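A short worksheet on the structure shown next.
Predicted, not measured: the structure shown is a model, and the values here were computed from it. Residue numbers begin at 1 in each chain, while the letters A, B, ... track the order of the sequences. In what follows, every heavy atom counts, from backbone to side chain, and hydrogens, waters and symmetry copies are set aside.
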Number of protein chains: 2
Amino acid sequence: MTQSTLIIGAGGVAQVVAHKCAQNNDILGDIHIASRTISKCEAIIENVREKGAMKEDRRIQPHQVDARDSAAVADLIRATKADIVINVGSAFVNMYVLDACIETGAAYIDTAIHEEPDKICETPPWYANYEWKKRDLCAEKGVTAILGAGFDPGVVNAFARHAIDEYMDEVASIDIVDINAGSHGKYFATNFDPEINFREFTGVVYYWEDGQWKETEMFASGRDWDLPIVGTQRAYQSGHDEVHSLAVNYPEADVRFWMGFGERYITVFTVLKNLGLLSEHPVTTAEGQEVVPLKVVKACLPDPSSLAPNYTGKTCIGDLVKGTKDGKPAEVFVYNVADHKEAYEEVGSQGISYTAGVPPVAAAILISQGDWDAKTMKNVEEMDPKPFFTVLDRIGLPTRVLEGGLGGTDKAWNG
Amino acid sequence: MTQSTLIIGAGGVAQVVAHKCAQNNDILGDIHIASRTISKCEAIIENVREKGAMKEDRRIQPHQVDARDSAAVADLIRATKADIVINVGSAFVNMYVLDACIETGAAYIDTAIHEEPDKICETPPWYANYEWKKRDLCAEKGVTAILGAGFDPGVVNAFARHAIDEYMDEVASIDIVDINAGSHGKYFATNFDPEINFREFTGVVYYWEDGQWKETEMFASGRDWDLPIVGTQRAYQSGHDEVHSLAVNYPEADVRFWMGFGERYITVFTVLKNLGLLSEHPVTTAEGQEVVPLKVVKACLPDPSSLAPNYTGKTCIGDLVKGTKDGKPAEVFVYNVADHKEAYEEVGSQGISYTAGVPPVAAAILISQGDWDAKTMKNVEEMDPKPFFTVLDRIGLPTRVLEGGLGGTDKAWNG
């Protein structure tokens with residue numbers, strides 16, 4: 001039993017995290033939500049109360065903090081007596097929050113790799129540039145840090161582990177496919193922070209094949225995937241966090257990530273990128289003002305949290321894993337399907353925020369229960385996936401399996 | 001004979017104006033070029049000298065001026081003893097430069113309607129919002145002001161006048177068609193100041209039909225035009241300056257403007273407009289910076305003057321005028337074809353700047369010679385077009401006619 005859980009961030013994902021913590025506050029204790037803008041924390045708390053999400057009558061409090069100020073975060077951890085910190089702030093703050101956890105001994109959970117504002121797409125594996133440098137220190141101090149515990153990265157890492165453990169002697173390839181077949185009705189919008197969204201796709205696309213890092217470009221490699229529920233969808237090879245830990249943990253497997261994009265997204269992205277409007281480097285206007293174009297694009301786009309009320313349709317995210325079992329080819333697709341409208345009705349957020357926000361709460365529950373209290377730094381595929389799936393089944397993201405791969409026999413992961 | 005000519009502005013069009021003034025400095029006298037950035041004036045002068053453009057060995061000098069400071073412009077007119085001011089600065093400065101001319105008595109020439117930075121697309125006729133308010137004052141003081149004396153507006157106004165004078169008893173319609181069939185080899189670029197370029201197309205498209213102003217939207221009305229030299233080209237009804245004076249001077253005619261756009265332009269424009277990136281109103285970034293999106297887009301795009309060296313292909317701009325003559329239907333297409341590469345070789349600018357920059361110099365020559373020294377404010381169609389065509393023929397923009405309309409008999413305007 002945890003005394004209190006501190007959530008860093010107050011965006012769409014944080015709203016899901018807050019709801020799920022509230023629904024499980026018999027395990028996760030008091031809830032504290034901290035952001036640069038306290039009013040956003042207050043709005044989330046009001047929404048949690050309105051929906052009657054609190055399982056037990058416990059505290060839920062807003063806090064103002066600059067998450068890039070490690071000492072301030074450490075003070076807040078001490079003040080709130082937080083055992084667990086769920087960091088769903090911008091990826092720019094990860095290392096500062098992690099340092100605060102290492103200093104105070106609180107467990108750390110995040111959902112993406114740390115980024116520096118002025119750098120896009122660093123040398124692979126990306127984790128080695130930041131978080132993994134603190135691994136020995138976590139082990140030495142006995143601090144639990146679960147990295148990349150959203151959906152992707154996160155649940156898809158556990159999908160890979162499960163597929164390999166249960167269905168293969170040897171793994172040959174892991175293809176992660178992320179399809180959002182939902183519709184928000186806008187001309188264009190990103191499903192999470194546009195700045196982070198676009199940054200994902202402006203750099204080199206790294207993937208792991210034949211035991212080495214290879215490179216391609218965004219939208220250069222596309223493939224149609226025939227998936228459960230959402231049907232045939234086109235997805236493009238993209239750079240993504242989980243490739244960088246899975247390639248290290250399963251170097252014998254090819255590891256690729258595929259993201260679904262509609263024509264509209266590709267058109268808008270292509271125009272903005274080619275014009276230089278996705279650049280993180282400042283330009284100077286004719287009037288002499290220094291401006292980062294990407295930040296202006298972000299200011300012009302819809303707030304991702306505003307999409308939720310009218311979002312319809314489903315997401316399908318899964319891992320197609322191939323290998324051999326008893327000398328014969330083996331293949332399995334492990335996946336989840338989530339519904340935008342159901343997500344909104346339950347927690348007031350759209351499906352993308354829902355899939356990203358539920359898993360770190362599952363990880364927090366597992367740390368609290370002792371299942372995942374690693375006392376060191378771990379990526380998700382390094383932890384036992386079964387208790388993770390069990391909690392995810394219970395709190396809203398059931399895991400299913402197509403035995404034999406796409407078009408195979410559909411069943412629950414433990415069915 | 002003019003003592004001296006003052007050019008306001010130092011962009012791509014100003015470079016053409018400077019070259020053409022230099023080639024005709026036996027008529028236009030000393031040349032002065034003034035801009036906010038004096039180094040741009042100096043670069044133009046260096047280019048003029050390199051190309052040996054000066055007909056006579058006379059003065060050519062750079063000046064720094066803020067053209068939105070009327071008093072400073074008036075001081076400069078007095079200091080340079082300018083008889084004629086050719087204003088090819090931003091459309092934002094027109095009224096300030098016009099006021100300085102009225103104060104000092106210098107003749108005024110511009111190539112577009114005045115605009116205020118925070119207003120796009122005002123009530124028609126656009127000229128009535130700004131320049132025409134000073135018409136009585138010009139008449140009273142005997143100041144010559146020739147408005148909209150670029151290509152379009154400008155030469156196309158004279159094309160309309162010529163078609164009506166020579167080929168019709170009654171005019172029924174004037175369709176102005178502007179096709180740039182050139183290629184600059186970039187992913188995307190505008191041919192003149194992106195800010196002014198986009199502003200032309202973000203507002204309501206006004207046109208004059210059945211004796212009244214009508215409205216449509218950009219890209220809502222497209223038509224294929226089978227034109228001389230450039231062949232069949234798709235053009236879209238657009239808002240444009242000349243419609244607003246021609247409709248007043250020829251209220252019995254329908255007056256429409258058609259601009260050619262390729263797929264790439266339409267895609268980029270549509271994305272930027274729908275995302276709000278062409279807005280002239282500031283947005284606030286997450287970091288609290290106030291920024292006008294359109295100015296950031298401008299900062300990211302290629303400088304139009306940088307396109308010239310690699311620009312190939314031709315422009316075709318003309319007027320299809322329909323009416324009746326001796327009770328029978330009459331139709332004529334009056335047009336010019338210009339070549340990007342030839343323009344660059346002659347004056348170091350691309351064809352769009354060339355077509356915009358040569359006509360105001362022709363107008364200055366006509367004022368200097370007395371042909372167009374109106375001693376009041378005039379739009380181009382209110383002046384005799386024949387001396388204009390004669391000068392344009394000589395200085396680089398020959399006028400041709402298809403008698404019978406598109407597909408008709410091709411000849412020189414005076415052939």
Side-chain angles (χ1 to χ4, degrees), chain A residues 9-11 35-37 40 66 68 89-90 92-93 117-118 185-190 192-196 198 263-305, chain B residues 9-11 35-37 40 66 68 89-90 92-93 117-118 185-190 192-196 198 263-305:
Chain A
S35 158
R36 192 165 47 180
T37 314
K40 293 172 75 178
D66 175 1
R68 298 190 68 161
S90 145
F92 301 147
V93 309
D118 59 346
K186 305 262 185 195
Y187 173 78
F188 180 84
T190 55
F192 52 97
D193 184 348
E195 196 174 355
I196 300 298
F198 287 126
E263 283 299 315
R264 176 66 55 77
Y265 188 101
I266 295 172
T267 299
V268 170
F269 177 87
T270 304
V271 166
L272 296 179
K273 178 160 189 276
N274 281 334
L275 262 44
L277 284 162
L278 300 185
S279 173
E280 73 279 21
H281 298 296
V283 296
T284 305
T285 69
E287 292 72 23
Q289 192 181 19
E290 280 227 331
V291 191
V292 174
L294 181 52
K295 292 185 183 294
V296 181
V297 171
K298 173 176 169 174
C300 287
L301 291 181
D303 179 343
S305 66
Chain B
S35 157
R36 193 164 47 181
T37 314
K40 293 172 77 178
D66 174 2
R68 299 190 68 162
S90 146
F92 301 146
V93 309
D118 59 347
K186 305 262 185 193
Y187 172 78
F188 180 85
T190 56
F192 52 97
D193 184 348
E195 196 173 354
I196 301 297
F198 286 126
E263 285 297 317
R264 176 66 56 77
Y265 188 101
I266 296 173
T267 299
V268 170
F269 177 87
T270 304
V271 165
L272 295 180
K273 177 160 190 279
N274 282 332
L275 262 44
L277 283 162
L278 300 185
S279 173
E280 73 278 21
H281 299 296
V283 296
T284 305
T285 68
E287 293 73 22
Q289 193 181 17
E290 280 226 332
V291 192
V292 174
L294 181 53
K295 292 185 181 295
V296 180
V297 171
K298 173 176 171 174
C300 286
L301 291 181
D303 180 342
S305 66

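Looking only at heavy-atom pairs under 4.5 Å with chain A, the residue among B:T37, B:V296, B:V283 that has the most is B:V296. Across A:V292, A:L277, A:V297, A:L301, the residue that shares the most heavy-atom pairs under 4.5 angstrom with chain B is A:L277.
Note on residues 264-277 of chain B: pairs passing side-chain hydrogen bond (donor to acceptor under 3.5 Å, both in side chains), not counting sequence neighbours, are B:N197-B:Y265.
A:L275 and B:C300 get closest at one heavy-atom pair: O-CB, 3.3 Å.
When the shell of 6.0 Å around CZ of A:R68 is examined, it contains more than 12 heavy atoms from other residues, nucleotides or ligands.
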Residues 284-291 of chain B, side-chain donor-acceptor partners within the protein, below 3.5 Å, at least two apart:
| unit_1 | atom_1 | unit_2 | atom_2 | d |
| --- | --- | --- | --- | --- |
| B:T285 | OG1 | B:E287 | N | 3.3 |
| B:T285 | OG1 | B:E287 | OE1 | 3.4 |
| B:T285 | OG1 | B:G288 | N | 3.4 |
| B:T285 | OG1 | B:Q289 | N | 3.1 |
| B:E287 | OE2 | A:K295 | NZ | 2.9 |
| B:Q289 | NE2 | A:E290 | O | 2.7 |

